[in-house]
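This report concerns only the one structure given below.
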Amino acid sequence: MKVMIVGSGGREHALAWRLRRSPRVSALWVAGGNAGTAQVATNLPITPENIDGVVEAAQSLGVDLVVVGPERPLADGIVDRLSEMGIPAFGPTALAARLEASKSFAREVMREAAVPGPEFRVFSDRQEALDFLSRHQGPVVVKADGLAEGKGVALCATPEEAAVSVTACLSDRIFGRAGETVVIEELLQGAEVSVFGFSDGENVSSLVAACDYKPIGDGDQGPNTGGMGSFTPPVFWDAELADVVSRTIMEPVIAAMARRGAPYRGMLYAGLMFTREGPKVLEFNCRFGDPETQVIMPLLESDPIETMTACIEGNLSQAPVRWGTQAHVGVVMVSGGYPGPYQTGREITGLDKEDADAIVFHAGAQPAGGDGPANRVVTSGGRVLTVVGKGDSLPLARAAAYRRVADLHFEDAYYRQDIGDLTVGNRQGLWSPSPSV
Ligand code: AMP
Ligand code: GLY
């Protein structure tokens, strides 16, 4: 099959790396791409948001399957457009992608499906939101309803703090139209886990789980980023818990979407908090996670083309998905200054080294071009590389990742030292999940 991936991050390099290993892939293009995808596929100079460009390229190249990485083109209907042109595309339609693109929609679906989540209220009127907060005590979370590049969520210790976020959203419009509506919800406490399952609109595959790290600094300090690292499996994740998440969260939501006439086909990503009362949903995403994909793609034992095709055709129950369980740790190397301003164009060295226990996935890294050596690579973004180590235990995988990181260099490179260190943050499952859920 001729396959095209849409996107240019570490997630898309990991997808390209895994798809390239499928015997069913005869040609692979990446719309966007980076220096890493260029090693396993042909990059096309089309931005992921350029839906017309993707559709045209897929048509003229005779592509048999398009795999969409980022949420924005999904929410904008790239899968609907490709399907209309008769091009099979992996990912949800615009209507189904609302599970990520509208947090209030997602909460309503969850309420309807009786999926466990925080208490919440939805407001478009600032005064009503402020009145609600004035009667409220304790911490809350204020979320812009729409897509806000991961910046739309404010964890507020007091109702006063929350009022500031509400005003910034609904009056100052700091998130533009994404913040015309806000969701105010209960602040949940516990251990956070990202859970992933394929769906064909009716069935959900076996699940895989990973933890990610959002803050820039060691010990989870400092501002949030697009993701500074990840590991799999979470230490408390087991078959019993996977079954609870499947039955109480994934399957009911898939059924509710089908009932609404917007069947969800693609990768369903549930951001969960394992609380004292059991797993609760923080958010749904309509795509693979970044940087979780970099640690879960090496675990995908069954054929990804078979799975994605089954999702599109609605026969996932005949194509069982198998995940391995070996530990993987991914350390993200970023440009110094990120998530604030940073320099690009810095040469990356050490990429050539072979290491059986590590894989280097590229994100903000591009071929240097010009008349230097053909394989010269320079930085082009904030998050530059995800360095994934594997091992028979989390400490071994972690050691493998950091061994490989030590050989990679670019000016002002920065990375967290504590990815995969379970003593940091709440990643050991502080609460034991309640068997009654
Ligand atoms: P989201 O964009 O919804 O994933 O939110 C970003 C991050 O905010 C999540 O990964 C959580 O760490 C945190 N978060 C979101 N909602 C809640 C909540 N209700 N309680 C506690 N933390 C939350
Ligand atoms: N790992 C967070 C995300 O992909 O949204």
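Every number for a ligand or one of its atoms is a count from 1 in the order of the listing.
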Subset of ligand 1 atoms that lie under 4.0 Å from at least one heavy atom of Glu186 | 18 (C), 19 (N), 20 (N)
Lys103 bridged to Glu185 by N-O distance under 4.0 Å = no
Atom 8 (O) of ligand 1 - nearest protein heavy atom and its distance | Val153 CG1, 3.6 Å
With heavy atoms of Asp212 as the reference, note each atom of ligand 2 found under 4.0 Å away.
-> 1 (N), 2 (C)
Proximity flag Tyr269 to ligand 2, non-hydrogen atoms under 4.0 Å | yes
Using a strict cut-off of 4.0 Å, indicate which atoms of ligand 2 neighbour a heavy atom of Gly289.
-> 4 (O)
Decide, yes or no, whether a salt bridge links Asp145 with Arg177 under the criterion of side-chain N to carboxylate O below 4.0 Å.
-> no
Assign the ring pair Phe231 / Tyr213 to parallel, tilted or perpendicular, where the plane angle (0 to 90°) is split at 30° and 60°.
-> tilted
Proximity flag Arg287 to ligand 2, non-hydrogen atoms under 4.0 Å | yes
With under 30° as parallel and over 60° as perpendicular, where do the rings of Phe288 and Phe90 fit, or are they tilted in between?
-> tilted
Are Asp220 and Lys214 ion-paired here, with the side-chain N under 4.0 Å from a carboxylate O?
-> no
Asp290 N/O under 3.5 Å from ligand 2 N/O | yes
Can Asp76 and Arg81 be counted as an ion pair, charged N to O under 4.0 angstrom?
-> no
Atoms of ligand 1 less than 4.0 Å from Glu192 heavy atoms?
-> 9 (C), 10 (O), 11 (C), 12 (O)
Any non-hydrogen protein atom less than 4.0 Å away from atom 21 (C) of ligand 1 | yes
Per-atom filter on ligand 1: closer than 4.0 angstrom to a heavy atom of Lys143 are 3 (O), 15 (C), 16 (N)
Does a salt bridge link Glu292 with Arg11, judged by any charged N lying under 4.0 Å from a carboxylate O?
-> no
Just do the salt bridge (charged side-chain N to carboxylate O under 4.0 Å, His left out) check on Arg72 and Glu49 with the steps written out, would you?
-> CA-CA 7 Å; Arg72 178 72 67 181; Glu49 292 75 30; over 6 Å; no
Give the atoms of ligand 1, by number and element, whose distance to some non-hydrogen atom of Lys103 is under 4.0 Å.
-> 1 (P), 2 (O), 3 (O)
Just going by heavy-atom distances, which of Val142, Leu187, Leu155 is nearest to atom 13 (C) of ligand 1?
-> Leu155
Residue pairs meeting ring-ring contact (aromatic ring centres under 6.0 Å, His included), one or both in residues 100-124, sequence neighbours left out, come to Phe123-Phe132
Is Gln189 touching ligand 1 with its side chain, its backbone, both, or neither, if touching means heavy atoms under 4.0 Å apart?
-> neither
What part of Leu188, side chain from CB on, backbone N/CA/C/O, both or neither, has a heavy atom under 4.0 Å from ligand 1?
-> both
Under 30°, 30 to 60°, or over 60°: which ring-plane class applies to Phe198 and Trp323, parallel, tilted or perpendicular?
-> parallel
Distance to 0.1 Å, residue and atom name: give those for the protein heavy atom nearest to atom 1 (P) of ligand 1.
-> Glu283 OE1, 3.1 Å
Note: heavy atom closest to atom 23 (C) of ligand 1, options Asn285, Asn224, Leu282, Ile184, belongs to Leu282
Please could you name the atoms of ligand 1 that Lys214 approaches to less than 4.0 Å, counting only its heavy atoms?
-> 10 (O)
Could you tell me whether the side chain of Ser206 and the main chain of Val321 form a donor-acceptor pair under 3.5 Å?
-> yes
